[in-house]
Amino acid sequence: QVQLVESGGGLVQAGGSLRLSCAASGSIFSINVMGWYRQAPGKQRELVADITRGGRTNYADSVKGRFTIARDNAKSAVYLQMNSLKPEDTAVYYCNADAVGTMSSALYSYWGQGTQVTVSS
C-alpha cells in the first residue's frame, strides 16, 4: 500500500559527505514521522534521526552536529545530509515512515529496502 525507496548511498572517504533520499509512494492518506535507521555488521539496527510532519527533529548522539535530516511533505520525501563521515558510520541505512493508507484508519510503520553507506579510512 505504501512503498519507500532510498537512494544516495555509496563509498566515500573519511571526512566526506553523502546525501540520502527517500520517497514514499502508493495509496497514502497521511505520513506522521519519517526517519533514518542504520545497521552495521554484527550490530542491531539503531535510530539515526527522525523528523515530524511539523519539522521537529531528533538525532542520535553519535551523529549530532554532523548529520541533518529534512523532509518535503509535498513530495512525501525525507533526506539525510551526512557530513564529516567517519568509518564508524558504515552501515546499511533504512528509511522509515509511520503512515496511514487511504483504505485504513490505522497507523503503520513502513520500511525501505536499505542503501549501503561505506566510509573508508
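Owing to the predicted nature of the structure, the values given are computational and were not obtained by experimental measurement. This chain uses plain numbering: 1 for the first residue, then up along the sequence.
For Q113, the CD atom counts as loosely surrounded, since its 6.0 Å shell holds 12 or fewer non-hydrogen atoms of other residues, nucleotides or ligands.
Side chains of S105 and V100 form no contact here, defined as non-hydrogen atoms less than 4.5 Å apart. Side-chain atoms of D61 and V63, non-hydrogen and from C-beta on, never get closer than 4.5 Å to each other. The side-chain heavy atoms of Q39 and E46, taken from C-beta on, include no pair separated by under 4.5 Å. When side chains are defined from C-beta on, V117 counts as touching L20, because their heavy atoms get closer than 4.5 Å. Side-chain contact between I69 and M82 is absent, with no heavy atoms from C-beta onward closer than 4.5 Å.
With no hydrogens or angles considered, no side-chain donor-acceptor pair links R56 and N58 at under 3.5 Å. Counted by atom type alone, D50 and T57 present zero donor-acceptor pairs between their side chains at under 3.5 Å.
We find the CG-CZ distance between N83 and F67 to be 8.5 Å, quoted to the nearest 0.5 Å. Here CD of Q3 is found 8.0 Å from OG of S27. Values are rounded to the nearest 0.5 Å. Distance check, rounded to the nearest 0.5 Å: CG of L107 to OG of S30 gives 7.5 Å. Here OG1 of T68 is found 10.5 Å from CZ of R19. Values are rounded to the nearest 0.5 Å. The line from CE of M34 to SG of C95 is 4.5 Å long, rounded to the nearest 0.5 Å. Summarising the geometry, atom CD1 belonging to I51 is positioned 6.5 Å from atom CZ belonging to R71; distances are rounded to the nearest 0.5 Å.
A salt bridge does not link K86 with D89: none of the charged nitrogens is closer than 4.0 Å to a carboxylate oxygen.
Remark: side-chain polar atoms of T90 are paired, donor with acceptor, to backbone N or O of V119 under 3.5 angstrom.
Contact between A91 and R38 at its shortest, heavy atoms only, is CB-CB, 3.9 Å. For the residue pair A24 and L4, the shortest heavy atom distance occurs at CB-CD2, 3.4 Å. When all heavy atoms of S84 and S17 are compared, the closest pair comes out as N-OG, 4.3 Å. Looking at every heavy atom in both residues, S121 comes nearest to P87 through CB-CG, 3.9 Å.
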**OP:** Show the numbers, then the answer: is there a side chain to side chain contact (heavy atoms under 4.5 Å, CB included) between S76 and I31?
**Re:** CA-CA 8 Å; S76 297; I31 301 175; 3.9 Å; yes

Original post:
Between D72 and Y79, does a side chain to side chain contact (heavy atoms under 4.5 Å, CB included) hold up when you go through it step by step?
Top reply: CA-CA 8 Å; D72 185 335; Y79 310 93; 4.2 Å; yes

Original post:
E6 and W36: side chain to side chain contact (heavy atoms under 4.5 Å, CB included), yes or no, with the steps?
Top reply: CA-CA 10 Å; E6 305 102 331; W36 292 92; 3.8 Å; yes

Subject >> Stepwise side chain to side chain contact (heavy atoms under 4.5 Å, CB included) test for F29 and M103 >> reply: CA-CA 8 Å; F29 179 76; M103 298 300 292; over 6 Å; no

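With respect to Y37, the ring pair (Phe, Tyr, Trp, His ring centres under 6.0 Å) criterion is satisfied by exactly one of Y94, W111, Y93: W111.
Cluster membership for V78 and V33, using ILVMFWY side-chain heavy atoms within less than 4.5 angstrom, is not shared. Grouping the Ile, Leu, Val, Met, Phe, Trp and Tyr side chains by contacts below 4.5 angstrom, directly or via other members, places V92 apart from V12.
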